[in-house]
Protein chains: 2
Amino acid sequence: MQTQLSDLDISQILADEAERAILPHFRALPEVENKAATGFDPVTVADRAAERAIRDRLAALLPADGVLGEEYPPTEGTSGRTWVLDPIDGTRAFMAGLPTWGVLIALAEAGVPTVGMMAQPFVGERFYAAKGAGAFHAWSRGTEPMRTRRCARLADAVVACTALDHFDPRMRETLDALSRICRLVRFGTDCYGYAMLAAGHVDIVFEAGLKPFDIAPFVPIVEEAGGVLVDRAGAPIAPHVMGAYSGDGIAVGDPALLDALIAEMR
Amino acid sequence: MQTQLSDLDISQILADEAERAILPHFRALPEVENKAATGFDPVTVADRAAERAIRDRLAALLPADGVLGEEYPPTEGTSGRTWVLDPIDGTRAFMAGLPTWGVLIALAEAGVPTVGMMAQPFVGERFYAAKGAGAFHAWSRGTEPMRTRRCARLADAVVACTALDHFDPRMRETLDALSRICRLVRFGTDCYGYAMLAAGHVDIVFEAGLKPFDIAPFVPIVEEAGGVLVDRAGAPIAPHVMGAYSGDGIAVGDPALLDALIAEMR
């Protein structure tokens with residue numbers, strides 16, 4: 001009799017690799033190089049070492065699968081499956097020593113993310129999901145299924161957002177409106193915003209200018225937890241995130257909140 | 001022969017009390033009440049329980065000392081010493097489930113903070129200092145002395161800031177300028193901004209609208225680590241923080257950076 005690792009099992013193994021590569025560099029940063037010619041987009045030694053470790057492990061475990069990561073050129077694969085990697089999401093948090101970055105890993109099949117993993121090794125917790133199998137939070141209190149919470153009114157909503165850098169004037173106006181209307185807006189959230197939405201502590205995540213690897217894991221994580229992930233027009237991003245992706249990552253924990261939020265964005 | 005607990009020892013015991021009271025409520029929040037008539041200022045059950053526990057412990061250990069906290073009326077004491085409490089700094093982070101809040105405890109003697117403690121029980125780390133005795137970081141890698149890092153140019157500086165809510169237009173302009181000039185600005189930092197400055201990962205903390213209990217512990221923590229803590233005119237806040245305090249909390253890890261920063265604020 002043979003048993004086989006699930007894709008979720010694989011994502012756990014890949015997260016282990018990334019954590020081992022990254023953690024020794026946290027709060028012990030060497031020099032940082034500037035990746036982009038304009039603007040600020042730091043790459044750390046840890047980021048590259050982790051992506052290298054994940055890619056090596058994937059090549060051994062699932063050589064037919066493709067890989068899309070931030071640090072190395074994409075590999076196509078022959079299976080129609082692609083692993084999507086962002087070893088350190090929240091590079092600014094990482095650089096500032098804050099424990100709110102995360103290792104992001106997703107599997108996309110036929111262009112749609114079906115497995116999502118976020119790991120935070122310094123805090124010691126993981127958030128993950130597989131399409132049809134549910135979303136889970138593994139932490140000091142055990143491993144628990146995640147469900148978004150009910151929140152049908154903007155006035156009751158806790159809003160998470162990273163920074164205004166990627167917002168055009170229309171998005172800034174909407175965020176200003178949410179700051180007035182909603183219960184609170186919390187900045188500097190990165191991947192933790194989506195994780196906390198899935199876990200039922202945040203009601204809205206408001207982001208733009210994302211890359212596929214920033215958001216792919218949260219398609220299954222947010223959807224399996226009961227939330228929705230849309231662009232500023234309110235259209236689900238799942239079908240487009242690996243293709244002509246707008247970069248919007250607007251998540252709502254309670255789908256009943258979506259219409260009110262879309263109205264604010266118009 | 002008798003030995004006596006130091007004030008730093010006492011602050012550790014008080015932090016233990018607060019942690020025990022708070023941690024069961026983290027990510028398991030009951031209803032939140034709105035304390036202020038206007039604006040948002042959440043008080044959690046955890047916040048009150050922790051301040052109660054600290055006050056009870058202080059009353060038993062050091063009955064002659066005064067206590068100033070956010071949740072209960074101040075007590076004067078007869079010793080000329082005052083313990084300054086903010087059981088949950090970063091209430092928004094706490095409410096959103098993010099592990100970036102902290103327990104803040106300070107001792108002020110003759111109006112000047114001499115002992116400072118920040119504890120983060122979910123992550124499992126503490127940052128503390130006593131005037132003349134140094135600043136320390138106790139975490140998974142042991143207990144280490146803290147030193148701010150060298151950073152003499154704004155262009156190299158990592159800047160931490162919580163949110164823009166408390167900034168007047170002049171402060172917003174300065175932050176905009178820092179966003180353009182500095183290496184990066186990280187939002188949503190609360191007490192962690194000062195802790196990371198003391199530990200050498202952040203170069204500037206830029207805050208306004210603070211209360212004494214938000215900042216008092218960081219007077220010894222930042223100063224003992226080698227940094228300076230000033231208002232927008234560049235004057236040290238230490239002598240005023242318990243009295244006619246402006247609410248500014250501008251910290252610089254490398255004193256050589258101060259002149260350039262003050263020039264930006266003018």
Side-chain angles (χ1 to χ4, degrees), chain A residues 23-24 26-29 32 34 39-42 90-100 120-125 127 137 139-141 144 149 156 158-165 176 179-180 182-190 192-193 195-205, chain B residues 23-24 26-29 32 34 39-42 90-100 120-125 127 137 139-141 144 149 156 158-165 176 179-180 182-190 192-193 195-205:
Chain A
L23 211 42
F26 182 54
R27 294 188 183 168
L29 279 177
V32 167
N34 253 354
F40 182 79
D41 187 4
T91 322
R92 289 181 181 207
F94 187 95
M95 290 181 64
L98 299 170
T100 48
Q120 213 316 310
F122 185 69
V123 172
E125 57 184 349
F127 306 85
H137 180 199
W139 61 320
S140 53
R141 293 178 202 164
E144 301 167 342
R149 72 178 168 200
D156 298 324
V158 170
V159 181
C161 173
T162 299
L164 306 177
D165 309 31
D176 281 345
S179 300
R180 287 190 303 271
C182 296
R183 194 159 80 167
L184 70 87
V185 175
R186 169 72 192 180
F187 288 97
T189 53
D190 290 305
Y192 256 102
M196 288 299 107
L197 179 128
H201 303 291
V202 162
D203 305 295
I204 295 171
V205 182
Chain B
L23 210 42
F26 181 54
R27 295 191 183 166
L29 280 177
V32 168
N34 252 356
F40 182 79
D41 188 4
T91 323
R92 290 182 181 208
F94 188 94
M95 290 181 65
L98 298 170
T100 48
Q120 212 316 309
F122 185 69
V123 172
E125 56 184 348
F127 306 85
H137 180 200
W139 60 320
S140 53
R141 294 176 201 166
E144 301 167 343
R149 71 177 169 201
D156 298 325
V158 170
V159 182
C161 173
T162 299
L164 306 176
D165 309 32
D176 280 345
S179 299
R180 286 190 305 270
C182 296
R183 195 159 79 166
L184 71 89
V185 175
R186 169 72 192 181
F187 289 97
T189 52
D190 290 304
Y192 256 102
M196 288 299 107
L197 179 129
H201 304 291
V202 162
D203 306 295
I204 295 172
V205 182

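Naming: A, B, ... by sequence-line order, numbering from 1 per chain. Bear in mind the structure is a predicted one, so any value in this text is a computation, not a measurement.
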Shortest non-hydrogen contact from His201(A) toward Arg27(B): CE1-O, 3.0 Å
Nearest-0.5 Å distance, OG of residue Ser140(A) to CZ of residue Phe122(B): 5.0 Å
Toward chain A, the part of Ala93(B) with a non-hydrogen atom under 4.5 Å: both
Region of Ser179(A) in contact with chain B, defined by heavy-atom distances below 4.5 Å: neither
Least distance between heavy atoms, Arg92(B) atom then Val185(A) atom: NH1-O, 3.1 Å
Nearest-0.5 Å distance that lies between atom OG1 in Thr162(A) and atom CZ in Arg186(B): 7.0 Å
Contacting moiety of Asp156(B), where chain A heavy atoms sit under 4.5 Å: neither
Among the listed options Leu197(B), Leu98(B), Asp203(B), Thr189(B), the residue most often paired with chain A at heavy-atom distances under 4.5 Å: Leu98(B)
Part of Glu125(A) within contact of chain B (heavy atom distance under 4.5 Å): side chain
Heavy-atom pair of closest approach, residues Ala96(B) and Val202(A): O-CG2, 3.6 Å
